[in-house]
There are 2 protein chains.
Amino acid sequence: MAAKKTSLSFERPLTTVDIVIFTVLDEQLQVLLVQRPGGPEEPYPNAWALPGGFVDVDKDDSLLACARRKLLDKTGVKSPYLEQLGSWGGKTRDPRGWSATHAYFALLAADSVKLVQDEAKPARWHPVAELSPRKRLAFDHGDILQAALERLRNKVEYTSLPAFLLPEPFTLPQLQKMYEVVLGRPIDKSGFRTRALAADFLKEDGFLDVGSPRPAMGYRLKDRSAVMYFPRTFSPRS
Amino acid sequence: MAAKKTSLSFERPLTTVDIVIFTVLDEQLQVLLVQRPGGPEEPYPNAWALPGGFVDVDKDDSLLACARRKLLDKTGVKSPYLEQLGSWGGKTRDPRGWSATHAYFALLAADSVKLVQDEAKPARWHPVAELSPRKRLAFDHGDILQAALERLRNKVEYTSLPAFLLPEPFTLPQLQKMYEVVLGRPIDKSGFRTRALAADFLKEDGFLDVGSPRPAMGYRLKDRSAVMYFPRTFSPRS
DNA sequence: CTAATAGTGTCTCTGAGACACTATCGG
DNA sequence: CCGATAGTGTCTCAGAGACACTATTAG
(Lines give C-alpha, C1' and ligand atoms only; values in the text may rest on other atoms or scores of the structure.)
Protein backbone atom coordinates (compact mmCIF):
# COMPACT_ATOMS: atom_id res chain seq x y z
CA MET A 1 0.00 0.00 0.00
CA ALA A 2 3.03 2.30 0.31
CA ALA A 3 1.90 4.85 -2.22
CA LYS A 4 4.27 5.99 -4.91
CA LYS A 5 4.13 9.74 -4.98
CA THR A 6 6.26 10.07 -8.08
CA SER A 7 4.59 12.15 -10.75
CA LEU A 8 1.58 12.92 -8.57
CA SER A 9 2.91 16.34 -7.78
CA PHE A 10 0.57 18.29 -10.08
CA GLU A 11 -2.03 20.59 -8.58
CA ARG A 12 -5.14 18.91 -7.23
CA PRO A 13 -8.60 20.47 -7.31
CA LEU A 14 -10.39 21.28 -4.08
CA THR A 15 -12.89 18.55 -3.24
CA THR A 16 -16.12 19.23 -1.41
CA VAL A 17 -19.42 17.54 -0.64
CA ASP A 18 -22.67 19.51 -0.59
CA ILE A 19 -26.11 18.30 0.43
CA VAL A 20 -29.52 19.45 -0.66
CA ILE A 21 -31.75 18.63 2.30
CA PHE A 22 -35.47 18.79 1.69
CA THR A 23 -38.38 18.58 4.07
CA VAL A 24 -42.04 19.58 4.10
CA LEU A 25 -42.91 22.12 6.75
CA ASP A 26 -46.10 24.19 6.91
CA GLU A 27 -47.35 22.37 3.82
CA GLN A 28 -44.44 23.71 1.82
CA LEU A 29 -41.36 22.13 0.37
CA GLN A 30 -38.36 23.60 2.13
CA VAL A 31 -34.61 23.32 1.76
CA LEU A 32 -31.99 23.71 4.46
CA LEU A 33 -29.48 26.51 3.85
CA VAL A 34 -26.63 27.85 5.93
CA GLN A 35 -25.36 31.38 5.90
CA ARG A 36 -21.72 31.71 5.01
CA PRO A 37 -19.43 33.50 7.43
CA GLY A 38 -18.78 37.14 6.80
CA GLY A 39 -15.00 37.36 7.07
CA PRO A 40 -13.21 39.39 4.43
CA GLU A 41 -11.30 36.37 3.19
CA GLU A 42 -14.37 34.23 2.77
CA PRO A 43 -15.92 33.58 -0.64
CA TYR A 44 -19.52 34.80 -0.88
CA PRO A 45 -19.60 36.36 2.59
CA ASN A 46 -23.02 36.20 4.29
CA ALA A 47 -24.63 34.51 1.28
CA TRP A 48 -26.88 31.52 1.79
CA ALA A 49 -25.40 28.21 0.70
CA LEU A 50 -26.06 24.50 0.76
CA PRO A 51 -24.63 22.75 3.80
CA GLY A 52 -21.39 21.00 2.97
CA GLY A 53 -17.68 21.46 2.94
CA PHE A 54 -14.34 19.96 2.18
CA VAL A 55 -13.74 16.26 2.23
CA ASP A 56 -11.58 15.37 5.19
CA VAL A 57 -9.23 12.63 4.04
CA ASP A 58 -8.60 11.59 7.63
CA LYS A 59 -12.16 11.50 8.90
CA ASP A 60 -14.05 10.41 5.78
CA ASP A 61 -13.70 6.91 4.37
CA SER A 62 -15.80 7.68 1.31
CA LEU A 63 -17.89 10.37 -0.31
CA LEU A 64 -21.07 8.88 1.09
CA ALA A 65 -19.59 8.73 4.57
CA CYS A 66 -18.60 12.36 4.22
CA ALA A 67 -22.15 13.30 3.24
CA ARG A 68 -23.58 11.34 6.17
CA ARG A 69 -21.21 13.04 8.57
CA LYS A 70 -22.12 16.52 7.38
CA LEU A 71 -25.81 15.72 7.50
CA LEU A 72 -25.56 14.34 11.02
CA ASP A 73 -23.60 17.38 12.14
CA LYS A 74 -26.19 19.80 10.84
CA THR A 75 -29.46 18.03 11.56
CA GLY A 76 -28.78 15.27 14.05
CA VAL A 77 -30.49 12.82 11.68
CA LYS A 78 -28.78 9.47 11.32
CA SER A 79 -30.47 7.64 8.49
CA PRO A 80 -32.45 9.81 6.16
CA TYR A 81 -33.07 9.11 2.54
CA LEU A 82 -29.81 10.05 0.85
CA GLU A 83 -28.85 9.70 -2.78
CA GLN A 84 -26.17 11.07 -5.01
CA LEU A 85 -27.23 13.91 -7.24
CA GLY A 86 -24.19 14.56 -9.39
CA SER A 87 -21.00 16.54 -9.39
CA TRP A 88 -20.11 20.05 -10.41
CA GLY A 89 -16.55 21.10 -11.03
CA GLY A 90 -14.55 23.74 -12.81
CA LYS A 91 -12.03 26.47 -12.76
CA THR A 92 -14.27 29.34 -11.76
CA ARG A 93 -16.94 28.05 -9.42
CA ASP A 94 -14.89 28.81 -6.31
CA PRO A 95 -12.63 31.86 -6.18
CA ARG A 96 -10.18 29.89 -4.08
CA GLY A 97 -9.26 27.67 -7.02
CA TRP A 98 -10.27 24.77 -9.30
CA SER A 99 -12.87 22.89 -7.31
CA ALA A 100 -15.25 20.00 -7.66
CA THR A 101 -18.21 19.25 -5.44
CA HIS A 102 -20.04 15.99 -5.05
CA ALA A 103 -23.69 16.83 -4.45
CA TYR A 104 -26.14 14.63 -2.55
CA PHE A 105 -29.78 15.07 -1.90
CA ALA A 106 -31.66 14.06 1.22
CA LEU A 107 -35.26 13.83 2.35
CA LEU A 108 -36.33 13.85 5.97
CA ALA A 109 -39.29 14.43 8.23
CA ALA A 110 -39.33 17.96 9.60
CA ASP A 111 -39.94 16.86 13.16
CA SER A 112 -36.99 14.48 13.17
CA VAL A 113 -34.59 17.40 12.84
CA LYS A 114 -32.96 19.36 15.60
CA LEU A 115 -31.09 22.05 13.73
CA VAL A 116 -27.60 22.40 15.09
CA GLN A 117 -26.67 26.05 15.09
CA ASP A 118 -23.06 26.84 14.48
CA GLU A 119 -22.83 30.47 15.54
CA ALA A 120 -20.57 31.18 12.58
CA LYS A 121 -22.98 29.50 10.17
CA PRO A 122 -26.67 29.81 11.02
CA ALA A 123 -28.86 27.15 9.44
CA ARG A 124 -32.46 27.74 8.39
CA TRP A 125 -35.26 26.20 6.39
CA HIS A 126 -36.23 28.12 3.26
CA PRO A 127 -39.43 27.44 1.30
CA VAL A 128 -38.21 26.65 -2.20
CA ALA A 129 -41.07 28.61 -3.71
CA GLU A 130 -39.76 31.78 -2.11
CA LEU A 131 -36.21 31.85 -3.34
CA SER A 132 -36.19 30.90 -6.97
CA PRO A 133 -34.43 33.83 -8.57
CA ARG A 134 -34.55 36.09 -5.54
CA LYS A 135 -31.53 35.80 -3.37
CA ARG A 136 -28.63 34.21 -5.19
CA LEU A 137 -26.97 31.34 -3.47
CA ALA A 138 -23.24 31.09 -2.98
CA PHE A 139 -21.04 29.37 -5.59
CA ASP A 140 -23.12 27.47 -8.15
CA HIS A 141 -25.46 26.25 -5.43
CA GLY A 142 -28.41 27.74 -7.26
CA ASP A 143 -27.74 25.34 -10.15
CA ILE A 144 -27.34 22.43 -7.79
CA LEU A 145 -30.57 23.22 -5.99
CA GLN A 146 -32.31 23.52 -9.34
CA ALA A 147 -31.05 20.09 -10.37
CA ALA A 148 -32.14 18.62 -7.05
CA LEU A 149 -35.61 20.06 -7.45
CA GLU A 150 -35.95 18.64 -10.95
CA ARG A 151 -34.76 15.25 -9.79
CA LEU A 152 -37.13 15.28 -6.83
CA ARG A 153 -40.19 16.40 -8.77
CA ASN A 154 -39.38 13.91 -11.48
CA LYS A 155 -38.90 10.95 -9.17
CA VAL A 156 -41.95 11.76 -7.11
CA GLU A 157 -44.03 11.02 -10.19
CA TYR A 158 -43.11 7.36 -10.15
CA THR A 159 -41.53 6.47 -6.80
CA SER A 160 -42.37 6.23 -3.13
CA LEU A 161 -39.87 8.95 -2.19
CA PRO A 162 -42.37 11.24 -0.41
CA ALA A 163 -42.75 8.62 2.31
CA PHE A 164 -39.36 9.74 3.60
CA LEU A 165 -40.79 13.20 4.27
CA LEU A 166 -43.04 11.82 7.01
CA PRO A 167 -42.44 10.38 10.46
CA GLU A 168 -43.70 6.83 10.84
CA PRO A 169 -46.34 5.72 11.18
CA PHE A 170 -48.31 7.87 8.77
CA THR A 171 -51.73 7.68 7.13
CA LEU A 172 -52.49 7.50 3.44
CA PRO A 173 -54.08 10.95 3.41
CA GLN A 174 -50.91 12.33 4.98
CA LEU A 175 -48.79 10.60 2.37
CA GLN A 176 -50.99 11.87 -0.40
CA LYS A 177 -50.49 15.38 0.95
CA MET A 178 -46.71 14.96 0.62
CA TYR A 179 -47.10 14.03 -3.02
CA GLU A 180 -49.33 17.00 -3.61
CA VAL A 181 -46.98 19.44 -1.91
CA VAL A 182 -43.97 18.30 -3.89
CA LEU A 183 -45.81 18.10 -7.19
CA GLY A 184 -47.71 21.30 -6.59
CA ARG A 185 -51.02 19.89 -7.75
CA PRO A 186 -53.85 17.81 -6.31
CA ILE A 187 -54.00 14.06 -6.90
CA ASP A 188 -57.11 11.92 -7.16
CA LYS A 189 -57.66 10.11 -3.87
CA SER A 190 -58.98 6.86 -5.23
CA GLY A 191 -56.25 6.39 -7.79
CA PHE A 192 -53.60 7.32 -5.29
CA ARG A 193 -54.77 4.78 -2.74
CA THR A 194 -55.09 2.02 -5.28
CA ARG A 195 -51.59 2.55 -6.59
CA ALA A 196 -49.92 3.12 -3.27
CA LEU A 197 -51.38 -0.05 -1.82
CA ALA A 198 -50.85 -2.10 -4.97
CA ALA A 199 -47.18 -1.09 -4.97
CA ASP A 200 -46.86 -3.11 -1.79
CA PHE A 201 -44.26 -1.03 -0.01
CA LEU A 202 -46.36 -0.26 3.06
CA LYS A 203 -47.34 -2.32 6.05
CA GLU A 204 -50.24 -1.57 8.34
CA ASP A 205 -49.50 -0.40 11.85
CA GLY A 206 -52.81 0.11 13.65
CA PHE A 207 -55.21 3.01 13.54
CA LEU A 208 -54.03 6.54 14.09
CA ASP A 209 -56.13 9.35 15.42
CA VAL A 210 -54.67 12.48 13.95
CA GLY A 211 -57.50 14.72 15.08
CA SER A 212 -59.68 14.16 12.07
CA PRO A 213 -63.24 12.89 12.57
CA ARG A 214 -62.56 9.35 11.48
CA PRO A 215 -59.37 7.52 12.52
CA ALA A 216 -57.21 6.35 9.62
CA MET A 217 -55.00 3.35 9.19
CA GLY A 218 -51.38 4.01 10.03
CA TYR A 219 -48.63 2.65 7.83
CA ARG A 220 -44.89 2.10 7.92
CA LEU A 221 -42.48 1.40 5.10
CA LYS A 222 -41.81 -2.30 4.71
CA ASP A 223 -38.22 -1.54 3.90
CA ARG A 224 -36.81 1.87 4.70
CA SER A 225 -33.74 1.21 2.59
CA ALA A 226 -35.65 0.58 -0.63
CA VAL A 227 -37.45 2.94 -2.93
CA MET A 228 -40.51 1.70 -4.75
CA TYR A 229 -40.87 2.41 -8.45
CA PHE A 230 -44.39 2.64 -9.83
CA PRO A 231 -45.00 1.30 -13.33
CA ARG A 232 -46.52 4.58 -14.42
CA THR A 233 -46.68 8.15 -13.30
CA PHE A 234 -49.31 10.17 -11.50
CA SER A 235 -49.68 12.52 -14.45
CA PRO A 236 -53.16 13.89 -15.05
CA ARG A 237 -54.78 13.03 -18.31
CA SER A 238 -54.72 16.66 -19.55
CA MET B 1 -9.78 36.69 -7.98
CA ALA B 2 -6.47 36.53 -6.10
CA ALA B 3 -7.20 33.41 -4.14
CA LYS B 4 -6.60 33.33 -0.46
CA LYS B 5 -4.65 30.20 0.28
CA THR B 6 -4.83 30.58 4.01
CA SER B 7 -6.23 27.51 5.72
CA LEU B 8 -6.53 25.56 2.47
CA SER B 9 -3.37 23.67 3.20
CA PHE B 10 -5.01 20.37 4.17
CA GLU B 11 -4.50 17.34 1.95
CA ARG B 12 -6.63 17.22 -1.18
CA PRO B 13 -7.95 14.03 -2.73
CA LEU B 14 -6.83 12.99 -6.20
CA THR B 15 -9.43 13.98 -8.78
CA THR B 16 -10.05 11.98 -11.93
CA VAL B 17 -12.62 11.67 -14.70
CA ASP B 18 -13.52 8.27 -16.17
CA ILE B 19 -15.75 7.55 -19.13
CA VAL B 20 -17.82 4.51 -19.92
CA ILE B 21 -18.03 4.50 -23.71
CA PHE B 22 -20.60 2.18 -25.25
CA THR B 23 -21.19 1.19 -28.82
CA VAL B 24 -22.89 -1.64 -30.68
CA LEU B 25 -20.55 -3.68 -32.83
CA ASP B 26 -21.29 -7.10 -34.34
CA GLU B 27 -24.78 -6.89 -32.89
CA GLN B 28 -23.33 -6.77 -29.39
CA LEU B 29 -23.13 -4.04 -26.80
CA GLN B 30 -19.46 -3.23 -26.30
CA VAL B 31 -17.49 -1.00 -23.98
CA LEU B 32 -14.16 0.66 -24.63
CA LEU B 33 -11.39 -0.32 -22.22
CA VAL B 34 -7.72 0.57 -22.05
CA GLN B 35 -4.98 -1.60 -20.66
CA ARG B 36 -3.05 0.00 -17.88
CA PRO B 37 0.71 0.28 -18.21
CA GLY B 38 2.81 -2.44 -16.66
CA GLY B 39 5.39 -0.43 -14.76
CA PRO B 40 6.23 -1.58 -11.22
CA GLU B 41 5.03 1.68 -9.75
CA GLU B 42 1.68 1.62 -11.50
CA PRO B 43 -1.53 0.64 -9.73
CA TYR B 44 -3.21 -2.40 -11.29
CA PRO B 45 -0.47 -3.04 -13.87
CA ASN B 46 -1.74 -4.49 -17.16
CA ALA B 47 -5.33 -4.60 -15.93
CA TRP B 48 -8.13 -3.32 -18.17
CA ALA B 49 -9.65 -0.05 -17.09
CA LEU B 50 -12.09 2.61 -18.21
CA PRO B 51 -10.50 5.40 -20.20
CA GLY B 52 -9.91 8.44 -18.06
CA GLY B 53 -7.37 10.11 -15.89
CA PHE B 54 -6.53 13.04 -13.71
CA VAL B 55 -8.19 16.39 -14.11
CA ASP B 56 -5.71 18.87 -15.50
CA VAL B 57 -6.41 22.18 -13.77
CA ASP B 58 -4.60 24.05 -16.52
CA LYS B 59 -6.17 22.38 -19.54
CA ASP B 60 -9.66 21.63 -18.27
CA ASP B 61 -12.18 24.39 -17.61
CA SER B 62 -14.76 22.03 -16.15
CA LEU B 63 -15.45 18.37 -15.48
CA LEU B 64 -17.49 18.08 -18.66
CA ALA B 65 -14.72 19.68 -20.69
CA CYS B 66 -12.30 17.23 -19.17
CA ALA B 67 -14.52 14.32 -20.17
CA ARG B 68 -14.86 15.66 -23.72
CA ARG B 69 -11.12 16.05 -24.01
CA LYS B 70 -10.42 12.50 -22.90
CA LEU B 71 -13.10 11.15 -25.20
CA LEU B 72 -11.75 13.05 -28.17
CA ASP B 73 -8.22 11.87 -27.41
CA LYS B 74 -9.21 8.24 -27.33
CA THR B 75 -11.81 8.00 -30.07
CA GLY B 76 -11.54 11.09 -32.23
CA VAL B 77 -15.27 11.67 -31.72
CA LYS B 78 -16.26 15.26 -31.09
CA SER B 79 -19.89 15.30 -30.08
CA PRO B 80 -21.22 11.98 -28.88
CA TYR B 81 -24.00 11.52 -26.42
CA LEU B 82 -22.39 12.24 -23.07
CA GLU B 83 -24.00 12.35 -19.67
CA GLN B 84 -22.80 12.33 -16.12
CA LEU B 85 -23.10 9.01 -14.37
CA GLY B 86 -22.07 9.76 -10.81
CA SER B 87 -19.00 9.93 -8.66
CA TRP B 88 -17.05 7.40 -6.68
CA GLY B 89 -14.59 8.39 -4.02
CA GLY B 90 -12.89 7.04 -0.97
CA LYS B 91 -9.79 6.24 0.92
CA THR B 92 -9.03 2.87 -0.59
CA ARG B 93 -10.12 2.88 -4.21
CA ASP B 94 -6.70 4.00 -5.45
CA PRO B 95 -3.52 2.78 -3.74
CA ARG B 96 -1.92 6.15 -4.45
CA GLY B 97 -4.22 7.88 -1.98
CA TRP B 98 -7.71 9.23 -1.24
CA SER B 99 -9.26 9.71 -4.65
CA ALA B 100 -12.54 10.66 -6.23
CA THR B 101 -13.56 10.05 -9.81
CA HIS B 102 -16.31 11.74 -11.76
CA ALA B 103 -17.77 9.14 -14.11
CA TYR B 104 -19.46 9.94 -17.41
CA PHE B 105 -21.11 7.69 -19.89
CA ALA B 106 -21.11 8.05 -23.64
CA LEU B 107 -22.86 6.44 -26.60
CA LEU B 108 -21.49 6.51 -30.12
CA ALA B 109 -21.75 4.84 -33.48
CA ALA B 110 -19.06 2.22 -33.95
CA ASP B 111 -18.08 3.45 -37.39
CA SER B 112 -17.54 7.02 -36.22
CA VAL B 113 -14.63 5.92 -34.08
CA LYS B 114 -11.00 5.76 -35.05
CA LEU B 115 -9.40 4.26 -31.98
CA VAL B 116 -6.28 6.17 -31.07
CA GLN B 117 -3.68 3.75 -29.86
CA ASP B 118 -1.33 4.99 -27.23
CA GLU B 119 1.43 2.37 -27.26
CA ALA B 120 1.60 2.48 -23.47
CA LYS B 121 -2.18 2.04 -23.15
CA PRO B 122 -3.82 -0.09 -25.85
CA ALA B 123 -7.54 0.56 -26.29
CA ARG B 124 -10.02 -2.11 -27.34
CA TRP B 125 -13.74 -2.79 -27.55
CA HIS B 126 -14.99 -5.50 -25.18
CA PRO B 127 -18.45 -7.08 -25.49
CA VAL B 128 -20.06 -6.44 -22.12
CA ALA B 129 -21.57 -9.90 -22.11
CA GLU B 130 -18.11 -11.43 -22.10
CA LEU B 131 -16.54 -9.76 -19.12
CA SER B 132 -19.07 -9.73 -16.35
CA PRO B 133 -17.22 -11.36 -13.49
CA ARG B 134 -14.36 -12.66 -15.59
CA LYS B 135 -11.45 -10.35 -15.76
CA ARG B 136 -11.54 -7.84 -12.97
CA LEU B 137 -11.19 -4.25 -13.98
CA ALA B 138 -8.74 -1.86 -12.35
CA PHE B 139 -9.78 0.24 -9.36
CA ASP B 140 -13.55 0.16 -8.80
CA HIS B 141 -14.17 0.36 -12.52
CA GLY B 142 -16.19 -2.84 -12.38
CA ASP B 143 -18.69 -1.08 -10.13
CA ILE B 144 -18.77 1.96 -12.37
CA LEU B 145 -19.32 -0.15 -15.47
CA GLN B 146 -22.09 -1.98 -13.67
CA ALA B 147 -23.79 1.29 -12.78
CA ALA B 148 -23.45 2.52 -16.35
CA LEU B 149 -25.03 -0.66 -17.67
CA GLU B 150 -27.95 -0.37 -15.30
CA ARG B 151 -28.45 3.27 -16.23
CA LEU B 152 -28.27 2.48 -19.92
CA ARG B 153 -30.64 -0.49 -19.82
CA ASN B 154 -33.02 1.45 -17.66
CA LYS B 155 -33.09 4.56 -19.82
CA VAL B 156 -33.38 2.60 -23.03
CA GLU B 157 -36.79 1.46 -21.83
CA TYR B 158 -38.23 4.94 -22.03
CA THR B 159 -35.89 7.17 -24.03
CA SER B 160 -34.52 7.59 -27.52
CA LEU B 161 -30.95 6.95 -26.39
CA PRO B 162 -30.22 4.06 -28.79
CA ALA B 163 -30.42 6.50 -31.69
CA PHE B 164 -26.99 7.72 -30.66
CA LEU B 165 -25.57 4.26 -31.34
CA LEU B 166 -26.22 4.66 -35.08
CA PRO B 167 -24.74 6.82 -37.81
CA GLU B 168 -27.28 9.08 -39.48
CA PRO B 169 -29.34 8.57 -41.44
CA PHE B 170 -30.70 5.26 -40.17
CA THR B 171 -33.83 3.20 -40.76
CA LEU B 172 -36.44 2.23 -38.21
CA PRO B 173 -35.53 -1.47 -38.42
CA GLN B 174 -31.92 -0.52 -37.68
CA LEU B 175 -33.02 1.57 -34.71
CA GLN B 176 -35.21 -1.23 -33.44
CA LYS B 177 -32.20 -3.52 -33.60
CA MET B 178 -30.26 -1.15 -31.31
CA TYR B 179 -33.06 -1.30 -28.75
CA GLU B 180 -33.10 -5.08 -28.95
CA VAL B 181 -29.35 -5.41 -28.57
CA VAL B 182 -29.21 -3.19 -25.51
CA LEU B 183 -32.30 -4.69 -23.90
CA GLY B 184 -31.37 -8.23 -24.83
CA ARG B 185 -34.84 -9.15 -26.01
CA PRO B 186 -36.97 -8.77 -29.13
CA ILE B 187 -39.46 -5.93 -29.45
CA ASP B 188 -42.70 -5.97 -31.38
CA LYS B 189 -42.21 -4.20 -34.69
CA SER B 190 -45.60 -2.56 -34.94
CA GLY B 191 -45.62 -1.15 -31.45
CA PHE B 192 -42.06 0.04 -31.81
CA ARG B 193 -42.78 1.93 -35.02
CA THR B 194 -45.94 3.50 -33.66
CA ARG B 195 -44.22 4.77 -30.57
CA ALA B 196 -41.00 5.87 -32.22
CA LEU B 197 -42.87 7.93 -34.79
CA ALA B 198 -45.43 9.27 -32.33
CA ALA B 199 -42.60 10.49 -30.11
CA ASP B 200 -41.77 12.92 -32.89
CA PHE B 201 -38.01 13.04 -32.47
CA LEU B 202 -37.18 11.83 -35.98
CA LYS B 203 -37.30 13.54 -39.32
CA GLU B 204 -37.39 11.75 -42.66
CA ASP B 205 -34.34 11.90 -44.85
CA GLY B 206 -35.09 9.98 -48.05
CA PHE B 207 -35.00 6.29 -48.76
CA LEU B 208 -32.02 4.18 -47.88
CA ASP B 209 -30.97 1.00 -49.60
CA VAL B 210 -29.16 -0.99 -46.99
CA GLY B 211 -29.00 -4.15 -49.04
CA SER B 212 -32.34 -5.52 -47.98
CA PRO B 213 -34.97 -6.35 -50.60
CA ARG B 214 -37.12 -3.34 -50.00
CA PRO B 215 -35.63 0.10 -49.38
CA ALA B 216 -36.56 1.71 -46.09
CA MET B 217 -37.12 5.29 -45.06
CA GLY B 218 -34.02 6.93 -43.60
CA TYR B 219 -34.32 9.14 -40.54
CA ARG B 220 -32.27 11.68 -38.65
CA LEU B 221 -32.73 13.04 -35.15
CA LYS B 222 -34.59 16.32 -35.16
CA ASP B 223 -32.37 17.54 -32.36
CA ARG B 224 -29.17 15.71 -31.58
CA SER B 225 -28.79 17.54 -28.30
CA ALA B 226 -32.11 16.40 -26.87
CA VAL B 227 -33.18 13.03 -25.56
CA MET B 228 -36.78 11.98 -26.03
CA TYR B 229 -38.66 10.50 -23.10
CA PHE B 230 -41.47 8.10 -23.88
CA PRO B 231 -44.53 8.19 -21.63
CA ARG B 232 -44.24 4.46 -20.98
CA THR B 233 -41.74 1.69 -21.31
CA PHE B 234 -41.26 -1.05 -23.85
CA SER B 235 -41.80 -3.74 -21.22
CA PRO B 236 -43.55 -6.88 -22.38
CA ARG B 237 -46.89 -7.54 -20.84
CA SER B 238 -45.98 -9.95 -18.07
C1' DC C 1 -43.54 -16.69 -59.42
C1' DT C 2 -40.92 -16.74 -54.45
C1' DA C 3 -38.26 -15.02 -50.66
C1' DA C 4 -37.26 -11.41 -47.80
C1' DT C 5 -37.76 -7.29 -45.62
C1' DA C 6 -40.67 -2.79 -44.86
C1' DG C 7 -44.55 -1.20 -43.12
C1' DT C 8 -49.91 -1.31 -41.54
C1' DG C 9 -54.45 -2.76 -39.40
C1' DT C 10 -56.97 -4.65 -35.81
C1' DC C 11 -58.32 -6.89 -31.55
C1' DT C 12 -57.93 -7.21 -26.69
C1' DC C 13 -57.16 -5.95 -22.20
C1' DT C 14 -54.83 -3.46 -18.54
C1' DG C 15 -54.80 0.22 -15.81
C1' DA C 16 -55.19 5.22 -15.02
C1' DG C 17 -58.31 9.15 -14.40
C1' DA C 18 -62.63 11.06 -13.03
C1' DC C 19 -66.10 11.18 -9.86
C1' DA C 20 -69.89 9.52 -7.29
C1' DC C 21 -70.64 6.76 -3.72
C1' DT C 22 -70.51 4.54 1.24
C1' DA C 23 -68.39 4.21 6.09
C1' DT C 24 -67.11 5.89 10.56
C1' DC C 25 -66.01 9.11 13.67
C1' DG C 26 -67.10 13.70 16.94
C1' DG C 27 -70.33 16.62 18.38
C1' DC D 1 -79.14 14.44 13.49
C1' DC D 2 -74.86 16.90 10.68
C1' DG D 3 -70.30 17.76 9.08
C1' DA D 4 -65.96 16.13 8.12
C1' DT D 5 -62.72 12.98 6.85
C1' DA D 6 -61.56 7.89 5.51
C1' DG D 7 -62.09 4.76 2.22
C1' DT D 8 -64.60 2.16 -2.04
C1' DG D 9 -67.00 1.20 -6.65
C1' DT D 10 -67.69 2.07 -11.29
C1' DC D 11 -67.43 3.98 -15.94
C1' DT D 12 -64.63 5.33 -19.70
C1' DC D 13 -60.92 5.58 -22.58
C1' DA D 14 -56.00 5.79 -24.20
C1' DG D 15 -52.49 3.10 -25.26
C1' DA D 16 -49.55 -1.09 -25.23
C1' DG D 17 -48.97 -5.85 -26.75
C1' DA D 18 -49.85 -9.52 -29.86
C1' DC D 19 -50.18 -10.94 -34.33
C1' DA D 20 -51.99 -11.22 -38.84
C1' DC D 21 -52.00 -8.69 -42.67
C1' DT D 22 -50.38 -5.85 -47.04
C1' DA D 23 -46.52 -3.54 -49.85
C1' DT D 24 -42.29 -3.33 -52.36
C1' DT D 25 -38.11 -4.76 -53.75
C1' DA D 26 -34.49 -8.53 -55.98
C1' DG D 27 -33.94 -12.48 -58.30
[atom1] of [X] versus [atom2] of [N]: gap in Å, rounded?
X: B:Leu197; N: C:dG9; atom1: CG; atom2: P; result: 13 Å
X: A:Glu204; N: D:dA6; atom1: CD; atom2: C1'; result: 13 Å
X: A:Leu208; N: D:dA6; atom1: CG; atom2: C1'; result: 12 Å
X: B:Arg185; N: D:dA18; atom1: CZ; atom2: C1'; result: 14 Å
X: A:Arg195; N: C:dA18; atom1: CZ; atom2: P; result: 13 Å
X: B:Asp188; N: D:dC21; atom1: CG; atom2: P; result: 15 Å
X: B:Gln176; N: C:dT8; atom1: CD; atom2: P; result: 13 Å
X: A:Ile187; N: D:dA6; atom1: CD1; atom2: C1'; result: 17 Å

One should read off an interatomic distance between B:Gln28 CD and B:Glu130 CD, to the nearest 0.5 angstrom, of 5.5 Å
d(B:Leu107 CG, B:Thr23 OG1) to nearest 0.5 Å is 8.5 Å
* For the residue pair B:Phe105 and B:Tyr81, does the interplanar ring angle fall in the parallel (under 30°), tilted (30 to 60°) or perpendicular (over 60°) class? -> perpendicular
Parallel, tilted or perpendicular, judged at 30° and 60°: which one describes the rings of A:His102 and B:His102?
parallel
* To do: Run the salt-bridge test on A:Glu157 and A:Arg185 with the 4.0 Å N-O cut-off and return the result as yes or no.
  => yes
Flag the pair A:Glu168 and A:Lys222 as a salt bridge only when some basic side-chain nitrogen lies within less than 4.0 angstrom of an acidic carboxylate oxygen. no
Tabulate atom names and distances for all N/O pairs under 3.5 angstrom spanning the protein and nucleotides 3-7 of chain C.
unit_1	atom_1	unit_2	atom_2	d
C:dA6	N3	B:Arg214	NH1	2.8
C:dG7	OP1	B:Met217	N	3.0
C:dG7	OP2	B:Arg193	NH1	3.2
C:dG7	O5'	B:Arg193	NH2	3.0
C:dG7	N7	B:Lys189	NZ	2.6
C:dG7	O6	B:Lys189	NZ	2.7

Has the side chain of A:Ser190 got a donor or acceptor that lies under 3.5 Å from a partner of the other kind on the base of D:dG9? yes
